[in-house]
There are 2 protein chains.
Amino acid sequence: MEPASPGRPSRAAFLLSQLGAVASSRFAVRTREIGLSPSDAGVIRLLGREPGLSQRSLADRLGAVPSRVVSLIDSLQERGLVERTRSNADRRNYELHLTDAGTAVLRELREIAEKHEAELLAPLNREQIAQLGFLLAQLAAGHGLDADLHRDVAREPVVRESRVGSRPA
Amino acid sequence: MEPASPGRPSRAAFLLSQLGAVASSRFAVRTREIGLSPSDAGVIRLLGREPGLSQRSLADRLGAVPSRVVSLIDSLQERGLVERTRSNADRRNYELHLTDAGTAVLRELREIAEKHEAELLAPLNREQIAQLGFLLAQLAAGHGLDADLHRDVAREPVVRESRVGSRPA
DNA sequence: TATTGTTATACTCTATAACTATA
DNA sequence: TATAGTTATAGAGTATAACAATA
């Protein structure tokens, strides 16, 4: 119980990190049960909302690099969940769409999200949930997070952790 | 703005995931500035609190595997922040301690944590911060997270994501 | 025989850079 | 020349398994 740090701040930041990790990993467990990685799930949600997206713009929304999107879509296409069709307007582009199977998976995903939400917030009562939702939305807004954007966060400057020099002092 | 899902739940779970990721990555940026990976920081905090820990028990607290701890400690030792001494009681064990330099880094780490906390919670006023702290602590307790444990969460059953079978339907 | 720490190896994830085809 | 998508490659991070020393 660390004797020092008497007047230390609320530790809310650490709790946020930890709970966020728990939330993410539990959601990952659930999506894995229907054969989807968290990235797969993000792509499917995005394509459900914005059908016809190109790989390039999908990459932008995901905060991913185009080559990453190739393998993501390859995999979803192999599984029959997403289809690529060349754009007639600009034949360099694909237009990405959910197949019927993909749409069905999106529905499953929504059910999963609801269960996930309920499980995670189970320790709180209704009023507390509303409070928490408000406070988190406040924080998200304050930090420029679009509350409805499913971008992969955790993607700041990305300084590539060069295991920066020793610091013997 | 997704027209569907009218009566959907609070989305607090998603916000939690996103904000947690933001919190973690911002903290990582700060520790990287003093040459530490997030894991390094965790080890140093733990050794500050429980000097003399063995690699095995450190691994347990970190939720990491012993071989992982080897390279972690190797690196910190090379940088002069941690030292290994053989235990006299049981010569299979090491006793891990922070060096003076390591202790200095721990102090820096605490300053960083305070700045981090302040930056992250800046969008909220004092009362809201207290509220949030309470609600998060409530959640953490409800999910069996020791609020003072810095274990690497994100480590559930770990089903090893065998890219489980295609699901063409 | 069981346990601590170590090494060697392999696997996952994801980014970078060079390339093709369209524009 | 610039952009969409692709491929090949490489790197970081971390786990698994076999191993040596000690108990």
Let me know the distance between [atom1] of [X] and [atom2] of [N], rounded to the nearest Å.
X       : N      : atom1 : atom2 : result
A:Leu62 : C:dA15 : CG    : P     : 11 Å
A:Ile73 : D:dG5  : CD1   : C1'   : 12 Å
B:Leu96 : C:dT4  : CG    : C1'   : 12 Å
A:Leu58 : D:dT3  : CG    : P     : 19 Å
A:Arg86 : D:dG5  : CZ    : C1'   : 7 Å
B:Asp40 : D:dA12 : CG    : C1'   : 14 Å
B:Asn93 : C:dA2  : CG    : P     : 18 Å
A:Glu95 : D:dA4  : CD    : C1'   : 13 Å

Hey, could you give me each pair passing salt bridge (Lys or Arg N to Asp or Glu O under 4.0 Å) that has a residue in residues 62-77 of chain A? Not counting sequence neighbours.
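Sorted result for residues 62-77 of chain A: A:Asp74-A:Arg84.
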Of all residues at least two apart in sequence or in a different chain, which pass the side-chain contact (heavy atoms from CB on, under 4.5 Å) check with [X]?
X        : value
B:Asp100 : none
B:Thr99  : B:Glu83, B:Ala101
B:Leu106 : B:Ile44, B:Arg45, B:Leu98, B:Arg110
A:Ser54  : A:Arg56, A:Ser57, A:Asn93

Taking only side-chain N and O atoms of A:Arg68, does any of them lie within less than 4.0 angstrom of OP1 or OP2 on C:dA15?
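For C:dA15, neither OP1 nor OP2 has a side-chain N or O of A:Arg68 closer than 4.0 Å.
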I want to check one thing: is the phosphate of D:dT3, taken as OP1 and OP2, less than 4.0 Å away from some side-chain N or O of A:Gln55?
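A:Gln55 to D:dT3 OP1/OP2: no side-chain N or O under 4.0 Å.
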Inter-end axis angle, the helix from C:dT1-D:dA23 to C:dA23-D:dT1, with every axis fitted to five base pairs (rounded, 10 degrees)
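That helix has its two terminal axes inclined by roughly 20°.
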Nearest listed nucleotide, side chain of A:Ser54, among C:dT6, D:dA15, D:dG5
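Nearest to the side chain of A:Ser54 among the choices is D:dG5.
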Enumerate the side chain to side chain donor-acceptor pair (under 3.5 Å) contacts for residues 119-139 of chain B, please, sequence neighbours excluded, ordered by first and then second residue.
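Side chain to side chain donor-acceptor pair (under 3.5 Å) check on residues 119-139 of chain B returns B:Arg26-B:Glu119, B:Arg30-B:Glu119.
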Answer yes if the side chains of B:Ser37 and B:Asp40 hold a donor-acceptor pair under 3.5 Å, and no otherwise.
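Yes.
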Hey, is CZ on B:Arg86 packed in by over 12 heavy atoms from elsewhere, all under 6.0 Å?
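Yes, enclosed.
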Looking at the base of C:dT14, is there any donor atom on it, or on the side chain of A:Ser67, that sits under 3.5 Å from an acceptor on the other one?
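Between C:dT14 and A:Ser67, which were checked side chain against base, a qualifying N/O pair under 3.5 Å is absent.
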Can you work out whether A:Pro66 or B:Val70 has the more 5'-proximal nearest nucleotide on DNA chain C?
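Nearest-nucleotide comparison on DNA chain C picks B:Val70.
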For nucleotides 21-23 of chain D, tabulate all protein N/O to nucleotide N/O atom pairs closer than 3.5 Å, reporting atom names and distance.
from	atom 1	to	atom 2	distance (Å)
D:dA23	OP1	B:Arg91	N	2.6

How would you list, by chain and number, every residue that makes a ring-ring contact (aromatic ring centres under 6.0 Å, His included) with A:Tyr94, sequence neighbours excluded?
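With neighbours one apart ignored, the set is empty.
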